[in-house]
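Down below is the structure, laid out as structure tokens.
Reminder, nothing fancy here: chain letters follow the sequence lines and each chain counts from 1.
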Number of protein chains: 2
Amino acid sequence: MTLWDEIHEQPETLQRIIDRNRDVVADIAARINEVSPSSVLIAARGTSDNAARYALYVWGARNALNVALAAPSLFSVYHQPPQLDGALVVGISQSGESPDLVAVLEEANDQGRPTLAITNHPDSPMAQAADFEIELHTGQEQAIAATKTYTAQLAAIALLSSALNDNIGSLSGLAADVGIVLAESDRIAGAAAMFADTEAAAVLGRGFNHSTAFEWALKLQELTYVLAHPYSTADFVHGPLALVSRGFPILAVAPTGKPHATVHELLDRLKTELGSRLAVISNDDATLGLADAPIRIPAGPEWLSPIGAVVAAQLFSYHLASAKGLDPDAPRTIEKITRTT
Amino acid sequence: MTLWDEIHEQPETLQRIIDRNRDVVADIAARINEVSPSSVLIAARGTSDNAARYALYVWGARNALNVALAAPSLFSVYHQPPQLDGALVVGISQSGESPDLVAVLEEANDQGRPTLAITNHPDSPMAQAADFEIELHTGQEQAIAATKTYTAQLAAIALLSSALNDNIGSLSGLAADVGIVLAESDRIAGAAAMFADTEAAAVLGRGFNHSTAFEWALKLQELTYVLAHPYSTADFVHGPLALVSRGFPILAVAPTGKPHATVHELLDRLKTELGSRLAVISNDDATLGLADAPIRIPAGPEWLSPIGAVVAAQLFSYHLASAKGLDPDAPRTIEKITRTT
């Protein structure tokens, strides 16, 4: 399977993870609610770390959980792990292989804390180390750049959020919305072609879509070698805004929702005052109207928008690689499974 | 005062924050130990967020505290803050002004959780909202790019770490070590000049110096408009490594300490296998030997190395701005105090 196939398989893989995990996740949620953790610590790297970033906002905003992203080196390099009193410890990894992430779950076991693994491989060291597991059920991911396992991780996080609130029905339109984004592929190819000369860019998002900005930037780094830096729009104005010269490429994820007004305002300033070149993923006409390259996604609840939005970002990155004459199935230097210590 | 003056004032400002806060911090530490928080949540943006990243490792490794960086928008944009049971909530901000950060402390107050502000302005909204305050005592910082307030924030974090362990004497050599780095200014100017044509770079560090990589990148973004992207060396090999073409500039912070062997190994691979152009801040001869532009800092305990290392990074960024014909005292677009909501 090529990257193209895996991107296009996502309506199916999303429906599968939802259907197969409904009962599993309801059961895990019940057991987590029994434990009633006072915080959640997530260990992840690369694409999975961007899924963790999504969990930070979703489990924070919808489940009032105090979520932190772990510094795995405290466990694996320094061997001076923090006290995890009250914490639920979660590992997110496609392969479930990386020793530094497994070390975080093993330490949690030693401290008697509950552990959850979200992985595509139920027989992996991470899954073996965890009390609970949500399996991604995407089938083998062969492309080096992760796509279908990322959206499956987001769906797993969203499922658990809904189950913790005893309302698991809310993900029904997700696969269909991704299908609508995939049908925009030709238009997204046109948008990407406008950025064929791009060597560097800033990628902006906020709140639930902070994660999407990070994942869009990572896909661009892996597939197109564009030096794409992700930022929360709020962090961006605390310094990095100085980077912006006329024509500087800004890629933004700006669906309607709570942060939309401030994101729109910044994009307006970037366009009209600083002369940025804008590609924007949104469902809002006014925000899309600011963009040199508008990329429309379906309207929907803001908290689920990162799934459709990232599929648009995957297509943009794929088409930009093609426009640059690169092979998206053969990124240089990197390998599918990275084992860090 | 210019940026140059403020960089050079740091031995004095560091000694001042240590001397003036010794008793204050001992008292705060005693009260924190009484509360015995099960986690720490830090709200910060920009340079201060890089100080928070230092606290994540220092308070984690030395004080076994489970430290998280807050997502301020959960408080200020979504108005759906997490439950902060068991948490100590810390705000870090030069100005103490940004409404989204103050919102995090105010929510902690509403939830009856203890709060600490680390700021240069004791009459700021953040300081007013906090139960405890560590004042930076640097005097007014006039340059737009923060330098002396950043090292003062690191010193405040280090002081509190030592006080929590009842051992506050360990910071005595700090100001002198920074003086030694400042005396290397001409050599660092020579290193920076070798990168005068640089438009983009990756900045690497791990563990305690993860923070230094982030702050070096931010200074480069603000002062030189170089698209400098910071990474943990472990995250870098999970994807972004694909960015590296022959001659690609890599800036690394690699003092001796626990992660040194893995960082050295990656730099060796970047140099010999991938042909990167390397600038390296280190005290290790073998690691400096890999670098096209070696930048030597004094040997010392790894956990305090980020202070000397970041002063070297500040000088590098300052001299690179000069080499590019830019005015380090007038970065475009950005302002000294950024108020985000």
Item to complete: Flag the one option from B/Ala68, B/Pro259, B/Ala261, B/Ala201 with the top tally of heavy-atom pairs under 4.5 Å to chain A.
Response: B/Pro259
Discussion item. Quick check: do B/Thr262 and A/Val77 have side-chain heavy atoms less than 4.5 Å from each other?
Written reply: no
Response to the item:
So, the part of A/Ser98 with a heavy atom under 4.5 Å from chain B: the answer is side chain
Discussion item. Any non-hydrogen side-chain atom of B/Ser232 less than 4.5 Å from a side-chain atom of A/Arg45?
Written reply: yes
Worksheet item: By a 4.5 Å heavy-atom criterion (distance strictly below it), what part of B/Ser76 contacts chain A: side chain, backbone, both, or neither?
Response: side chain
Worksheet entry | Nearest-0.5 Å distance, CG of residue B/Leu74 to NZ of residue A/Lys258 | 10.5 Å
Worksheet item: Where does B/Arg206 contact chain A at under 4.5 Å (heavy atoms): side chain, backbone, both or neither?
Response: both
Worksheet item: Given side chains that start at C-beta, do those of A/Leu69 and B/Leu69 come closer than 4.5 Å, heavy atoms only?
Response: no
Worksheet item: Does some side-chain heavy atom of B/Gln83 sit less than 4.5 Å from a side-chain heavy atom of A/Leu65?
Response: no
Worksheet entry | Atom group of A/Asn63 that falls short of 4.5 Å from chain B, counting heavy atoms | neither
Worksheet item: Considering only heavy atoms from C-beta outward, does the side chain of B/Asn66 approach that of A/Ser39 to under 4.5 Å?
Response: yes
Response to the item:
Heaviest contributor of heavy-atom pairs below 4.5 Å to chain A, chosen from B/Phe75, B/Phe208, B/Trp59, is B/Phe208
Practice prompt. Tell me, out of A/Ala145, A/Gly86, A/Gly60, A/Ala217, who's got the most heavy-atom pairs with chain B below 4.5 Å.
Written response: A/Gly60
Worksheet item: Taking atom OH of B/Tyr78 and atom CD of A/Glu302, what is their separation to the nearest 0.5 Å?
Response: 3.5 Å
Worksheet item: For the candidates B/Ala61, B/Pro72, B/Ser48, B/Ser38, which exhibits the highest count of non-hydrogen atom pairs separated by less than 4.5 Å from chain A?
Response: B/Ala61
Worksheet item: Do you know which of A/Ala200, A/Ser245, A/Pro81 has the most heavy-atom pairs with chain B at a distance under 4.5 angstrom?
Response: A/Ser245
Worksheet entry | Interface moiety of A/Leu274 toward chain B, non-hydrogen atoms closer than 4.5 Å | side chain
Fill in: Side chain / backbone / both / neither for B/Leu41 at chain A, heavy atoms under 4.5 Å
side chain
Practice prompt. Name the member of A/Ala234, A/Ala202, A/Gly257 that forms the most heavy-atom pairs with chain B at distances under 4.5 Å.
Written response: A/Ala234
Worksheet entry | Derivation of the side chain to side chain donor-acceptor pair (under 3.5 Å) call for A/Tyr57 and B/Gln80 | CA-CA 10 Å; A/Tyr57 287 87; B/Gln80 289 170 302; over 6 Å; no
Worksheet item: Does A/Leu218 reach the side chain of B/Pro240, with side-chain heavy atoms less than 4.5 Å apart?
Response: yes
Worksheet item: Would you find more than 12 non-hydrogen atoms of other residues, nucleotides or ligands less than 6.0 Å from A/Gln111 atom CD?
Response: yes
Practice prompt. Report the option among A/Ala242, A/Ala71, A/Ala70, A/Pro230 that has the most heavy-atom pairs separated by less than 4.5 Å from atoms of chain B.
Written response: A/Ala242
Item to complete: Count the heavy-atom pairs under 4.5 Å between each of B/Asp235, B/Leu84, B/Asp85, B/Asp49 and chain A, then report the option with the highest count.
Response: B/Asp235
